[in-house]
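In what follows, every chain begins at residue 1, and chains take the letters A, B, ... in the order their sequences are listed. What's counted below: heavy atoms across the whole structure, side chains too, no hydrogens, waters or symmetry copies. None of the values given here were measured: they were computed from a predicted structure.
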4 protein chains.
Amino acid sequence: MDDWRVPDPSSLPPILEAALECFARGGYHGTSTRELAEAAGLSVPGLYHHYPSKQAILVDLDRFAMNSLWSRSNAALADGPQDSLSRFDRLIECLLLLHAQSATLAFVAFSEIRSLEPEFRAEHIASRDRQQSLLDEVVADGVRDGYFSTPHPRDAARAITSICMGVSQWFRPDGELDPAGVAERYGEICRQAAGYVGRASSR
Amino acid sequence: MDDWRVPDPSSLPPILEAALECFARGGYHGTSTRELAEAAGLSVPGLYHHYPSKQAILVDLDRFAMNSLWSRSNAALADGPQDSLSRFDRLIECLLLLHAQSATLAFVAFSEIRSLEPEFRAEHIASRDRQQSLLDEVVADGVRDGYFSTPHPRDAARAITSICMGVSQWFRPDGELDPAGVAERYGEICRQAAGYVGRASSR
Amino acid sequence: MDDWRVPDPSSLPPILEAALECFARGGYHGTSTRELAEAAGLSVPGLYHHYPSKQAILVDLDRFAMNSLWSRSNAALADGPQDSLSRFDRLIECLLLLHAQSATLAFVAFSEIRSLEPEFRAEHIASRDRQQSLLDEVVADGVRDGYFSTPHPRDAARAITSICMGVSQWFRPDGELDPAGVAERYGEICRQAAGYVGRASSR
Amino acid sequence: MDDWRVPDPSSLPPILEAALECFARGGYHGTSTRELAEAAGLSVPGLYHHYPSKQAILVDLDRFAMNSLWSRSNAALADGPQDSLSRFDRLIECLLLLHAQSATLAFVAFSEIRSLEPEFRAEHIASRDRQQSLLDEVVADGVRDGYFSTPHPRDAARAITSICMGVSQWFRPDGELDPAGVAERYGEICRQAAGYVGRASSR
DNA sequence: TATGAATGAGTCTTCATTCAT
DNA sequence: TATGAATGAAGACTCATTCAT
């Protein structure tokens with residue numbers, strides 16, 4: 001099972017889909033409820049029939065993004081050989097695919113953290129930390145097993161996270177690379193960032 | 001001359017300094033002119049005496065950040081040995097230092113792009129592209145000269161940019177690393193991301 | 001027949017009962033149809049099945065209050081000796097009982113006059129004037145028959161009305177006095193307000 | 001000094017004056033901020049320059065009314081002979097004058113209690129109780145000194161309060177009685193309500 | 001009658017901005 | 001430049017009401 005590789009376009013409810021587009025274009029504070037409603041094909045009170053507030057829409061969007069990231073990451077880690085290099089490769093592939101396939105969602109979830117009210121910001125940060133710990137672990141395992149030579153695994157993991165999240169900043173569906181291409185090319189760069197020493201030499 | 005290494009705290013005019021703090025905390029749209037004025041120790045009309053609009057403040061802040069990045073980068077490139085590896089190292093060091101020393105400024109300049117009106121957004125993007133071309137060139141030179149093995153220099157440069165900009169997201173003055181520490185540790189990671197093959201073996 | 005002395009709790013239809021409580025707590029404009037529906041155990045469209053508008057509910061409530069006041073007053077006047085003092089006493093007793101027993105209804109009917117649309121406000125005022133004329137007549141008769149010494153019967157009647165209506169402002173079911181106690185104690189005060197000269201001396 | 005007898009028309013700030021008229025006509029919840037602003041000859045933000053909220057306007061109006069009632073009452077009690085009947089008469093005169101002269105203000109302060117948010121409602125009620133205690137005391141003193149025969153002084157005081165407050169419900173500047181006429185005629189009724197036994201017979 | 005979904009008009013409030021002083 | 005006062009436009013949100021099911 002490798003569902004974690006395929007995009008799931010059907011999953012975002014239409015109102016969130018519309019909100020996503022609005023927030024990506026104008027930002028949370030730069031988007032009015034009128035715009036949100038119009039984008040969703042509703043009147044303003046119609047929008048409020050489904051969500052109690054503008055903030056609640058952002059929160060739902062953010063939760064969707066973070067949950068999707070988490071569940072796909074775990075699926076990727078579990079799906080295949082369990083040696084640390086394979087796990088690293090699959091997790092990176094998953095992150096890169098997602099940040100390319102769902103670039104807009106990832107972008108908004110990342111750039112609107114400050115727009116979340118404290119309670120939900122804390123929730124987001126907890127999700128983000130939990131997510132980061134997956135990568136920390138995988139890089140540390142790779143170092144332990146001799147795949148990676150980085151003397152600072154946590155910094156390498158942080159750099160790798162920046163690379164993956166950076167994808168959502170520049171990825172365009174009509175660009176040179178498709179998501180799979182991004183995953184391959186930047187997956188290799190992430191390996192290097194961790195100080196990959198080569199399969200052969202490490203054994 | 002290595003002024004590009006030292007922070008220049010005096011350079012941000014007080015109003016921009018105050019605005020920076022406000023925008024960092026609440027975002028551009030989340031900050032009112034009343035807050036800006038108060039943070040700057042001015043009345044609202046007093047603020048308008050210095051700047052014709054809220055947007056103009058953001059624009060000035062953004063220009064300051066991009067110009068500082070540009071001029072320091074060029075100073076770094078010019079300041080020392082001109083072999084491509086040295087130039088790469090100094091440019092990376094400059095970028096990392098700046099994103100740590102001026103993390104807030106870099107963060108705001110990056111995260112408020114969408115808050116710029118079209119004209120100024122275009123200006124920002126031009127600056128950003130011009131800036132990116134510096135790194136593209138340095139990486140390409142490094143590949144040409146055998147320092148780097150990456151088969152995709154532009155992608156490596158993009159990944160490196162993500163690493164450097166990422167610093168402004170997580171850097172805290174009271175954290176484990178000081179700016180110089182960041183520059184050293186993440187400088188090494190950036191080298192790896194470009195596929196650094198070692199000084200010796202490359203000659 | 002002295003039904004006019006006993007409260008008639010069954011008589012307020014449940015929807016009006018619920019609306020009464022809502023209006024008493026938050027006022028007409030401060031109560032939403034959603035609250036009305038919920039208080040009545042109905043959905044909003046369910047509420048509109050019974051009443052064509054929120055205003056119609058208030059109107060019904062108001063009519064109920066004014067009609068009840070009117071019919072009980074007439075029953076009280078008719079029920080017993082027809083000398084003017086007895087008629088005065090019974091009318092006052094009726095008013096005081098009602099304003100204590102149905103304090104909430106009286107309170108709402110009185111305090112939401114301004115919330116009635118012009119047509120219904122006029123109707124309310126007509127009812128109120130008709131009601132006041134009962135008291136005017138009874139006081140005037142008492143003066144004519146030598147029971148009361150007030151030189152200004154209409155003003156005395158107005159003061160008495162204030163006393164009776166005032167009951168609905170302060171009466172609490174768990175207070176010191178029960179409705180009958182209120183009727184007795186304040187009935188005496190109302191007599192005094194009319195300049196009661198004593199049964200004996202007046203004959 | 002008998003300032004407590006003369007109306008003080010200059011004292012209500014113009015915005016409160018305008019709000020008073022609006023609230024009297026349509027009620028607090030029935031009056032929009034737009035109406036308030038227009039009545040005050042301001043734009044809506046102009047109104048908010050002077051008051052932070054609609055509620056704050058009502059609170060100010062209410063405080064003004066209650067403070068005026070309190071300070072005039074005390075002035076009336078202090079101004080003249082200190083025997084309990086004179087004090088009773090002057091307090092009643094003061095209350096009646098005020099409820100006629102400032103009928104609208106008294107009406108609004110009374111009828112919008114439920115529109116005050118809990119904190120300010122509590123404040124109002126404290127003022128009202130403090131005010132009522134003045135009358136309780138004066139009636140009790142009158143009973144003690146043999147001026148009044150009422151067996152229930154507190155109930156008599158409550159009835160008298162209802163009479164005085166009732167004035168603000170029906171008083172019209174162009175009506176039969178002017179404020180002084182109201183004070184005289186209803187002052188006598190209030191005496192009767194307390195069971196006035198006559199100056200002579202009481203000595 | 002209950003329900004979910006919807007809406008035009010309106011709510012209070014705040015915005016960036018200006019002007020007279 | 002500071003201040004108090006002001007405003008048109010817009011903000012998020014709620015209202016009473018309706019309709020298809």
Side-chain angles (χ1 to χ4, degrees), chain A residues 14-15 26 28-38 40-58 115 117, chain B residues 15 19 26 28-38 40-58 115 117, chain C residues 15 19 26 28-38 40-58 115 117, chain D residues 14-15 26 28-38 40-58 115 117:
Chain A
I15 292 182
Y28 177 77
H29 285 300
T31 302
S32 72
T33 53
R34 243 178 284 273
E35 290 173 293
L36 287 176
E38 191 170 4
L42 291 172
S43 65
V44 171
L47 185 68
Y48 276 87
H49 180 75
H50 296 275
Y51 285 90
S53 69
K54 185 182 162 187
Q55 173 81 193
I57 296 178
L58 178 60
S115 303
E117 288 165 12
Chain B
I15 294 183
Y28 176 78
H29 284 300
T31 303
S32 71
T33 53
R34 238 172 284 273
E35 289 172 291
L36 288 176
E38 190 172 2
L42 293 172
S43 65
V44 171
L47 186 69
Y48 276 87
H49 179 78
H50 295 277
Y51 285 91
S53 71
K54 186 182 164 188
Q55 174 79 195
I57 296 177
L58 178 61
S115 303
E117 289 166 11
Chain C
I15 292 182
Y28 176 76
H29 284 299
T31 303
S32 71
T33 52
R34 236 172 286 273
E35 288 172 291
L36 288 175
E38 188 172 6
L42 293 171
S43 65
V44 171
L47 185 69
Y48 276 86
H49 178 79
H50 296 276
Y51 285 91
S53 71
K54 185 182 164 188
Q55 175 79 194
I57 296 177
L58 178 61
S115 302
E117 288 165 14
Chain D
I15 292 182
Y28 176 77
H29 284 300
T31 303
S32 72
T33 54
R34 244 179 283 271
E35 290 172 294
L36 287 175
E38 190 170 6
L42 291 172
S43 65
V44 171
L47 186 69
Y48 275 86
H49 180 76
H50 297 275
Y51 286 90
S53 69
K54 185 182 164 189
Q55 173 81 192
I57 296 177
L58 178 61
S115 303
E117 289 166 12

Trainee: Any idea which heavy atoms bring Gly26(A) and Thr31(A) closest together, and the distance?
Mentor: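 The pair with the smallest heavy-atom distance is C-OG1, 4.1 Å.
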Trainee: Return one dot-bracket line describing DNA chain F 5' to 3' (Watson-Crick or G-U wobble pairs, both distances under 3.5 Å; ( ) same strand, [ ] crossing, | another strand, . none).
Mentor: .||||||||||||||||||||
Trainee: Hey, is CD on Glu35(D) packed in by over 12 heavy atoms from elsewhere, all under 6.0 Å?
Mentor: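 Enclosed: over 12 neighbouring heavy atoms sit under 6.0 Å from CD of Glu35(D).
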Trainee: Which pair of non-hydrogen atoms, one from Gln55(A) and one from Glu117(A), has the smallest distance, and what is that distance?
Mentor: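 In this case the closest contact between Gln55(A) and Glu117(A) is OE1-N, 2.8 Å.
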Trainee: Write down the distance between OH (Tyr51(B)) and P (dT1(F)), rounded to a whole number of angstrom.
Mentor: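 Taking atom P of dT1(F) as the reference, OH of Tyr51(B) is at 12 Å.
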Trainee: Report the residue (Leu42(D) or Gly41(B)) whose heavy-atom-nearest nucleotide on DNA chain F is the more 5′ of the two.
Mentor: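 Between the two, 5'-proximity favours Gly41(B).
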Trainee: Using 0.5 Å steps for rounding, measure from the CD atom of Glu38(B) to the OG1 atom of Thr33(B).
Mentor: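 So the CD of Glu38(B) and the OG1 of Thr33(B) are separated by 11.5 Å.
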Trainee: Among the candidates dA2(E), dA6(F), dA2(F), find the nucleotide nearest to the side-chain atoms of Ser43(C).
Mentor: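 Output: dA2(E).
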Trainee: Round to a whole Å and report the spacing from CD of Glu38(D) to P of dT7(F).
Mentor: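 Rounded to the whole Å, the gap is 12 Å.
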Trainee: Would you say His49(D) places a side-chain N or O within less than 4.0 Å of OP1 or OP2 belonging to dG4(F)?
Mentor: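 For His49(D), the contact criterion (side-chain N or O under 4.0 Å from OP1 or OP2 of dG4(F)) is not met.
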Trainee: Ignoring hydrogens, what is the shortest heavy-atom contact between Leu36(A) and Leu47(A)? Give both atom names and the distance.
Mentor: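 Closest approach of Leu36(A) to Leu47(A), heavy atoms only: CB-CD2, 3.8 Å.
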Trainee: Just so I know, are the side chains of Leu42(D) and His50(D) near enough to count as touching, which here means a heavy-atom distance under 4.5 Å?
Mentor: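 Counting from C-beta outward, Leu42(D) and His50(D) do come under 4.5 Å.
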Trainee: To check you understand the geometry: which heavy-atom pair defines the closest contact between Tyr28(A) and Ser115(A), and what is its length?
Mentor: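 Looks like CD2-CB, 3.5 Å.
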Trainee: Expressed as a whole number of angstroms, how long is the span from Leu47(C):CG to dT18(F):C1'?
Mentor: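 Taking CG of Leu47(C) and C1' of dT18(F), I get 13 Å after rounding.
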Trainee: Between His50(C) (NE2) and dT17(F) (P), how many Å, whole number?
Mentor: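 Distance check: His50(C) NE2 to dT17(F) P gives 16 Å.
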Trainee: Could you write out each protein N or O paired with an N or O of nucleotides 11-15 of chain F at a distance under 3.5 Å?
Mentor:
{"unit_1": "dA12(F)", "atom_1": "OP1", "unit_2": "Thr31(A)", "atom_2": "O", "d": "3.2"}
{"unit_1": "dA12(F)", "atom_1": "OP1", "unit_2": "Lys54(A)", "atom_2": "NZ", "d": "2.7"}
{"unit_1": "dA12(F)", "atom_1": "OP2", "unit_2": "Thr33(A)", "atom_2": "N", "d": "2.9"}
{"unit_1": "dA12(F)", "atom_1": "OP2", "unit_2": "Thr33(A)", "atom_2": "OG1", "d": "3.4"}
{"unit_1": "dC13(F)", "atom_1": "OP2", "unit_2": "Tyr48(A)", "atom_2": "OH", "d": "2.5"}
{"unit_1": "dC13(F)", "atom_1": "OP2", "unit_2": "Lys54(A)", "atom_2": "N", "d": "3.0"}
{"unit_1": "dC13(F)", "atom_1": "O5'", "unit_2": "Tyr48(A)", "atom_2": "OH", "d": "3.2"}

Trainee: Looking at every heavy atom in both Tyr48(A) and Lys54(A), which two are closest together, and how far apart are they?
Mentor: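 For Tyr48(A) and Lys54(A), the tightest heavy-atom pair comes out as OH-N, 4.3 Å.
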